[in-house]
Amino acid sequence: MPESISVAELNALLATRTALLLDVRRAQAFAESPTIIPGALRRAPEHVADWAAELPRQQPLVVYCVHGHEVSQGVAAQLAELGLPVRFLAGGIAQWQAEGGVTVSPTD
């Protein structure tokens with residue numbers, strides 16, 4: 001199982017601009033709250049096999065869903081099996097927002 005990353009750790013990592021952040025919430029969850037953590041890319045969790053090959057092999061990856069449970073952990077596990085350096089955001093975007101993290105429209 002891939003490791004988690006806390007909001008504080010993610011903030012520090014994002015400050016270095018070295019991590020790639022992926023929003024892997026299911027379509028319905030995203031439709032209910034259509035904002036992302038700044039810099040995140042949206043990817044469908046159901047189609048990891050289709051987009052995983054596009055990801056950089058050496059860059060740290062962080063995936064998040066709504067609460068940091070089965071969706072992001074499942075995607076992280078699949079990416080880790082492919083040898084990618086990945087962690088999932090503990091508490092998901094809900095925890096990010098609870099700790100004052102900013103979210104933006106995907107078009108911003």
Side-chain angles (χ1 to χ4, degrees):
M1 172 58 73
E3 293 183 21
S4 66
I5 186 170
S6 70
V7 169
E9 291 170 318
L10 178 57
N11 269 316
L13 187 60
L14 292 176
T16 68
R17 298 183 186 267
T18 59
L20 179 59
L21 190 57
L22 301 170
D23 181 315
V24 295
R25 290 176 286 168
R26 291 189 177 114
Q28 182 176 344
F30 183 76
E32 292 171 4
S33 181
T35 59
I36 60 172
I37 297 173
L41 301 175
R42 284 272 306 136
R43 295 292 183 264
E46 305 85 11
H47 301 290
V48 174
D50 296 335
W51 51 260
E54 303 169 5
L55 299 174
R57 305 291 302 167
Q58 303 303 319
Q59 186 176 13
L61 305 172
V62 177
V63 297
Y64 69 87
C65 62
V66 177
H67 297 290
H69 295 168
E70 68 272 356
V71 176
S72 60
Q73 289 182 32
V75 169
Q78 290 177 67
L79 295 175
E81 286 177 15
L82 297 172
L84 295 167
V86 62
R87 294 191 279 176
F88 66 91
L89 180 59
I93 196 170
Q95 187 64 39
W96 173 265
Q97 291 170 317
E99 293 189 31
V102 173
T103 58
V104 296
S105 165
T107 58
D108 289 350

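Looking at Leu14 and Leu10, their side chains come closer than 4.5 Å, going by heavy atoms from C-beta outward. The side-chain heavy atoms of Arg26 and Pro45, taken from C-beta on, include a pair separated by under 4.5 Å. With a 4.5 Å cut-off on side-chain heavy atoms, Leu22 and Val75 do not count as touching.
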N/O donor-acceptor pairs under 3.5 Å from side chains in residues 77-85, not counting sequence neighbours:
none

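With sequence neighbours left out, the side chain to side chain donor-acceptor pair (under 3.5 Å) criterion links Glu3 to no other residue. Contacts of Ala27 classified as side-chain contact (heavy atoms from CB on, under 4.5 Å), with partners at least two apart in sequence or in another chain: none. Partners of Glu99 according to the side chain to side chain donor-acceptor pair (under 3.5 Å) rule, which considers only residues two or more places apart in sequence or in another chain, are Gln95. Taking Thr35 as the reference, Thr103 meet the side chain to side chain donor-acceptor pair (under 3.5 Å) condition, with sequence neighbours excluded.
Gly68 and Ser72 get closest at one heavy-atom pair: CA-OG, 3.4 Å. In terms of heavy atoms, Pro106 sits closest to Ile36 at CA-CD1, 3.8 Å.
Checking Val24, Ile5, Val48, Val71 one by one against Val63, the side chain to side chain contact (heavy atoms under 4.5 Å, CB included) holds for a single residue, Val24.
For the atom pair SG (Cys65) and CD (Glu70), the distance works out to 7.0 Å, reported to the nearest 0.5 Å. Atoms CG and NE2, on Leu89 and His67 in that order, are 12.0 Å from each other to the nearest 0.5 Å. Once rounded to the nearest 0.5 Å, the distance linking CG of Leu20 with CG of Leu13 reads 10.5 Å.
The hydrophobic clustering, which links ILVMFWY residues whose side-chain heavy atoms are closer than 4.5 Å, places Val66 and Val104 apart. Both Leu21 and Phe30 are part of a single hydrophobic cluster, where members link through side-chain heavy atoms under 4.5 Å apart.
Residue pairs satisfying the side chain to side chain donor-acceptor pair (under 3.5 Å) criterion with at least one member in residues 16-25, sequence neighbours excluded, are listed as follows: Thr16-Thr18, Asp23-Arg25, Asp23-Arg42, Asp23-Tyr64.
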